[in-house]
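Before any comments, here is the structure.
In what follows, chains are A, B, ... by sequence order, proteins preceding strands, each numbered from 1.
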Amino acid sequence: MAQKPSIPKGTRDFSPAEMVRRNYIFDTVKGVFQRYGYLPIETPAMENLSTLMGKYGEEGDKLLFKILNSGDYLKDADATLLAEKNSTKVTSQISEKGLRYDLTVPFARFVVQYQNDITFPFKRYQIQPVWRADRPQKGRYREFFQCDVDVVGSNSLLNEVELMQIVDEVYRRLNINVLLKLNNRKILAGIAETIGQPERIIDITVAIDKLDKIGLDKVNQELAEKGLPQEAIDRLQPIIQLTGTNAEKLSVIRSVIGSSAIGVKGIEEVETILSTVAAIGLSLDVELDLTLARGLNYYTGAIFEVKAKDVAIGSITGGGRYDDLTGIFGLKNVSGVGISFGADRIYDVMTQLDLFPENHAATTKVLFVNFGEKEALYALGLLAQVRQAGINAELYPDNSDKMKKQMGYADKKQIPFVAIIGDEEMNQQKIMLKAMQSGQQQLVDLAQLIEIVGA
RNA sequence: GUGAAUGUAGCUCAGCUGGUUAGAGCACUAGAUUGUGGUUCUAGGGGUCGCCGGUUCGAACCCGGUCUUUCACCCCA
């Protein structure tokens, strides 16, 4: 018995109907990126493992898909390590390539590699799939598309503002209500510094993040379990219970961490970004949220996250500033800031909210029925002119198929018009044009057909 | 990586405390209709009940394992 065909866990096929809608997302995202002066690049699906490993933290290394070396890959593997079943060490001996985990690290590699050919500030966008060996669940896939926009080689906060404008414009065009959460790594560093625990940024942030879920007592309990002294936890209280407008939050934060130079720097950055954004007037809501911990491994300044207001699916866009991402590849003092749109989640959101427009632009407008060799040849001539007029059109290929079947084909593909040409029509130099929706048909000439179908 | 659920026709699912030949709707094919789809009517094809093993006179149903999918945790788009 033939084995049932299937695809790997967490991956998906996309039907023509889905691709029309996916392309709608890619096209609008791309359009906005280009409008702001970003240019496309692409990088290979696989990178050397050395450029990938250690960039995403311990967890990230586990989630990397590794590619087995070609040929007799066990030949050079250490026999004792194999015998010990030491997966981690054996891996490095039998695999030197991996699938990209995101687009940011390959981009950093790209910038360093072509630094002499790149004009800074370098603004690029990149829309490609990435792979993570995660366990799939709602809105989480093992292969998914990211749409990254980054600018490197500029420290100006105007870049942060521009990215927020891009977020605003993309979601306005897609008609999705979103909330943009803003944080700043420097503020978090200032908090940790102020309470004398500079190493504990992540523990603190992760704990604060759970306030909604587990409540204040549990958060404090968790902080204590992480080894924070009581005094530090006490000083954290105003931060944990931070509420109010962005301005109110900033003033509370300032009163707590005002003595930390880096913390103040962070506050000033946020204030600059917020006031600039306010001046140019974005339609999306911006909320200062200190619990944003994403990408903490390499972000150094602003951190962004975007959530859909009307669907619970996690974040659909995220990003931030990284002062030294290219540093690990040997290029110092190049700062970058960027964001990534999660196309697959955006697709899910738009599907759930039924936001996709009726899009027949990519589909066939008129099908020519095929009655035989002579008729097909005649239709082909007309077809060229119809296409010349910018109308998507096709001829049914098999003249042995009954008209019933050919009509069925048009119906299934939702082709709005069918052109019927037999002996009679050919003699009269006319076309029997049937409008599928109404079922009505009329005898027309080519110019009329183009006018009716093209309308 | 941890915990829980799920798997019956191409799809969505029914199938009684284990009982003989496993069903429905949709989809598909053909005909009613040899130049007319979507509606209607008629007929038909399609399943070793995820896989392997066990219990039993007998398993889609009970038990064990395994894989798949889904949900939550961790983390993340």
For the pair made of [atom1] in [X] and [atom2] in [N], what is the distance, rounded to whole Å?
{"X": "A/K62", "N": "B/rU2", "atom1": "NZ", "atom2": "P", "value": "11 Å"}
{"X": "A/I431", "N": "B/rG35", "atom1": "CD1", "atom2": "C1'", "value": "16 Å"}
{"X": "A/L292", "N": "B/rC76", "atom1": "CG", "atom2": "C1'", "value": "13 Å"}

Inset, instruction - Keeping the roles fixed (side chain from A/R387, backbone from A/N392), state whether a donor-acceptor pair exists under 3.5 Å. - result: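 Here the side-chain-to-backbone pair does not exist.
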Legend entry - Sequence-aligned protein contact record of nucleotides 37-43 of chain B, with B where the base is within under 4.0 Å of a protein heavy atom and S where only the sugar-phosphate is: BB-----
Legend entry - Under 4.0 Å protein heavy-atom contacts per nucleotide of nucleotides 65-75 of chain B, with B for base, S for backbone only and - for none: ---SS-SBBBB
Inset, instruction - Report yes if some heavy atom in the side chain of A/Y378 is under 4.5 Å from a heavy atom in the side chain of A/F368; otherwise report no. - result: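 No. Closest side-chain heavy atoms not under 4.5 Å.
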NZ/NE/NH1/NH2 to OD/OE distance under 4.0 Å, [X] and [Y]:
{"X": "A/D348", "Y": "A/K138", "value": "no"}
{"X": "A/K97", "Y": "A/E47", "value": "no"}
{"X": "A/E143", "Y": "A/K9", "value": "no"}
{"X": "A/D134", "Y": "A/R142", "value": "no"}
{"X": "A/E394", "Y": "A/K413", "value": "yes"}
{"X": "A/D289", "Y": "A/K249", "value": "no"}
{"X": "A/D102", "Y": "A/R132", "value": "no"}

Inset, instruction - Please confirm whether any donor atom in the side chain of A/Q406 sits under 3.5 Å from an acceptor in the base of B/rU36, or the reverse. - result: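 No, no donor-acceptor pair under 3.5 Å.
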Legend entry - Whichever of A/I421 and A/I316 has its nearest RNA chain B nucleotide further upstream toward 5':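 This one resolves to A/I421.
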Inset, instruction - Find which nucleotide of RNA chain B each of A/M432 and A/R142 is nearest to by heavy atoms, and output the residue with the more 5' nucleotide. - result: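 Result of the comparison: A/M432.
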Expressed as a whole number of Å, how far does the [atom1] atom of [N] sit from that of [M]?
{"N": "B/rA32", "M": "B/rG18", "atom1": "C1'", "answer": "46 Å"}
{"N": "B/rU17", "M": "B/rC62", "atom1": "C1'", "answer": "11 Å"}
{"N": "B/rA60", "M": "B/rC49", "atom1": "P", "answer": "7 Å"}
{"N": "B/rU12", "M": "B/rA27", "atom1": "C1'", "answer": "11 Å"}
{"N": "B/rU29", "M": "B/rU48", "atom1": "C1'", "answer": "25 Å"}
{"N": "B/rA43", "M": "B/rG53", "atom1": "P", "answer": "41 Å"}
{"N": "B/rG44", "M": "B/rU68", "atom1": "C1'", "answer": "33 Å"}
{"N": "B/rG7", "M": "B/rG64", "atom1": "P", "answer": "16 Å"}

Legend entry - Proximal nucleotide (of B/rC76, B/rG35, B/rG31) relative to the A/R132 side chain: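 Minimum distance to the A/R132 side chain belongs to B/rC76.
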Legend entry - Residue pairs, two or more places apart or on separate chains, that pass side-chain hydrogen bond (donor to acceptor under 3.5 Å, both in side chains) and touch residues 144-154 of chain A: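 Those involving residues 144-154 of chain A are A/T104-A/D148, A/R124-A/D150, A/D148-A/S340, A/D150-A/Y322, A/S154-A/N159.
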Legend entry - Under the side chain to side chain contact (heavy atoms under 4.5 Å, CB included) test, residues paired with A/Q221 that sit two or more places apart: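 Scan of A/Q221 (side chain to side chain contact (heavy atoms under 4.5 Å, CB included), adjacent residues dropped) gives A/K218, A/E225.
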Legend entry - Watson-Crick and G-U pairing of RNA chain B, under 3.5 Å, as dot-bracket with | and [ ]: (((((.(..((((.....[...)))).(((((.......))))).....(((((..]....)))))).)))))....
Inset, instruction - Quick one: label A/E425 by what it contacts on the DNA or RNA (base, sugar-phosphate, nothing), any heavy atom closer than 4.0 Å. - result: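 It contacts base atoms.
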Side-chain polar contacts of residues 442-455 of chain A - donor-acceptor pairs under 3.5 angstrom, sequence neighbours left out - could you list them?
{"from": "A/D445", "atom 1": "OD1", "to": "A/A447", "atom 2": "N", "distance (Å)": "3.3"}
{"from": "A/D445", "atom 1": "OD1", "to": "A/Q448", "atom 2": "N", "distance (Å)": "3.0"}
{"from": "A/Q448", "atom 1": "OE1", "to": "A/D445", "atom 2": "N", "distance (Å)": "2.9"}

Inset, instruction - Considering just the side-chain nitrogens and oxygens of A/K402, establish if one lies under 4.0 Å of OP1 or OP2 belonging to B/rG31. - result: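 For B/rG31, OP1/OP2 do have a side-chain N/O of A/K402 under 4.0 Å.
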